[in-house]
Amino acid sequence: MYTIQPLGMQTASTNIGERMGRSQGLSDSKRGPVIGGHLGNKSIRDISWLLNIPRSTVSGIITKWKQLGTTATLPPSGRPRHMTGRGQHMLKRTVRRSRQLSAESIAKDLQTWCGLQMSPTTVRRELHGMGLNGRAAASKPSITKCNAKHRMPWCKATGP
């Protein structure tokens with residue numbers, strides 16, 4: 001059975017300083033007493049006060065323990081990203097240098113420069129995530145002299 005030892009009264013300044021910003025999470029040595037306090041019929045508020053941990057954190061630890069049976073940090077879900085931050089920077093630089101390049105040529109360039117081997121589809125997906133989308137130029141009909149003669153009255157009629 002876990003026992004809870006109060007950490008003592010702390011001043012508001014140290015307490016606020018400890019709780020500000022995003023932290024790395026609690027160690028297993030701090031999660032155990034939370035579960036021990038819960039099994040000892042302590043309220044979330046009491047456990048929070050005794051261990052100097054936010055109530056939401058205590059509640060989250062207890063909920064996780066009830067659902068999963070463990071308080072250990074689980075690995076993140078999903079597949080790891082193929083491209084690192086450095087690779088993304090290189091990709092953006094390559095595209096900004098020459099916007100006319102195809103996804104196939106960009107993939108080849110990244111393989112020779114960075115050693116990143118990826119398909120053109122992955123290149124397109126990464127560029128789309130950066131807000132750089134490839135679009136074909138709109139086709140414009142060849143304006144011949146005859147076509148220009150017919151279009152000129154229409155342009156003058158619809159103009160400002």
Side-chain angles (χ1 to χ4, degrees), residues 1-139 160:
M1 169 85 45
Y2 295 105
T3 60
I4 299 178
Q5 298 292 328
L7 295 177
M9 292 298 293
Q10 293 187 353
T11 62
S13 62
T14 58
N15 194 7
I16 289 172
E18 289 174 359
R19 293 183 184 203
M20 295 284 290
R22 187 158 175 94
S23 65
Q24 294 295 319
L26 290 177
S27 63
D28 289 335
S29 62
K30 278 217 169 187
R31 292 179 190 179
V34 171
I35 301 303
H38 176 68
L39 293 173
N41 293 327
K42 295 276 187 197
S43 69
I44 291 175
R45 188 180 74 190
D46 291 343
I47 297 169
S48 170
W49 183 81
L50 288 169
L51 297 175
N52 195 24
I53 300 172
R55 279 184 288 182
S56 59
T57 304
V58 172
S59 176
I61 291 170
I62 292 170
T63 303
K64 183 177 183 180
W65 178 74
K66 284 180 178 178
Q67 289 176 350
L68 303 175
T70 182
T71 60
T73 305
L74 299 175
S77 63
R79 183 178 175 167
R81 296 286 306 236
H82 181 73
M83 197 169 229
T84 62
R86 181 174 181 229
Q88 285 181 339
H89 179 70
M90 199 72 162
L91 175 63
K92 190 179 268 189
R93 221 170 73 195
T94 304
V95 171
R96 291 249 166 99
R97 194 176 311 139
S98 175
R99 294 194 181 252
Q100 299 288 324
L101 294 175
S102 65
E104 290 82 9
S105 63
I106 292 171
K108 286 179 187 174
D109 288 347
L110 285 174
Q111 184 175 1
T112 55
W113 294 338
C114 302
L116 289 173
Q117 189 164 6
M118 62 178 59
S119 69
T121 307
T122 306
V123 170
R124 286 187 202 99
R125 188 182 314 121
E126 291 290 335
L127 288 173
H128 182 74
M130 293 179 204
L132 300 169
N133 300 318
R135 298 281 187 266
S139 65

By the salt bridge (charged side-chain N to carboxylate O under 4.0 Å, His left out) test, which pairs, at least two apart or in different chains, include something from residues 117-132? Arg81-Glu126, Glu104-Arg124

How far does CD1 of Ile61 sit from NE2 of His38, to the nearest 0.5 angstrom? 12.0 Å

Rounded to the nearest 0.5 Å, what separates atom CE in Met118 from atom CE in Met83? 3.5 Å

Could you list the residues that satisfy side-chain hydrogen bond (donor to acceptor under 3.5 Å, both in side chains) with His89, not counting sequence neighbours? none

If you round to the nearest 0.5 Å, how far is CD1 of Ile53 from OG of Ser59? 12.5 Å

Atom pair CZ (Arg31) and OG1 (Thr57), whose distance is rounded to the nearest 0.5 Å: 10.0 Å

Student check: side-chain heavy atoms of Leu51 and Lys30 closer than 4.5 Å: no

Just by distance, no angles: are the side chains of Ser119 and Thr122 close enough, under 3.5 Å, to form a donor-acceptor pair? yes

Given the rule in the side chain to side chain contact (heavy atoms under 4.5 Å, CB included) test, do Leu101 and Val95 qualify, once you have shown the distances and angles that lead to the verdict? CA-CA 7 Å; Leu101 294 175; Val95 171; over 6 Å; no

Minimum-distance pair of heavy atoms, taken over all atoms of Ser48 and Pro54: OG-C, 3.7 Å

Between Pro120 and Ala107 the two heavy atoms that sit nearest each other are N-CB, 4.4 Å

Please indicate whether Arg97 has more than 12 foreign heavy atoms, meaning atoms of other residues, nucleotides or ligands, lying under 6.0 Å from its CZ. yes

Minimum side-chain heavy-atom gap Met90-Asp109 below 4.5 Å: no

In short, side-chain hydrogen bond (donor to acceptor under 3.5 Å, both in side chains) pairs touching residues 60-71 with sequence neighbours left out are none

What's the separation between atom CD1 in Ile47 and atom NZ in Lys42, rounded to the nearest 0.5 Å? 8.5 Å

Within this structure, what is the OG-NZ distance for the pair Ser102 and Lys108, rounded to the nearest 0.5 Å? 8.0 Å

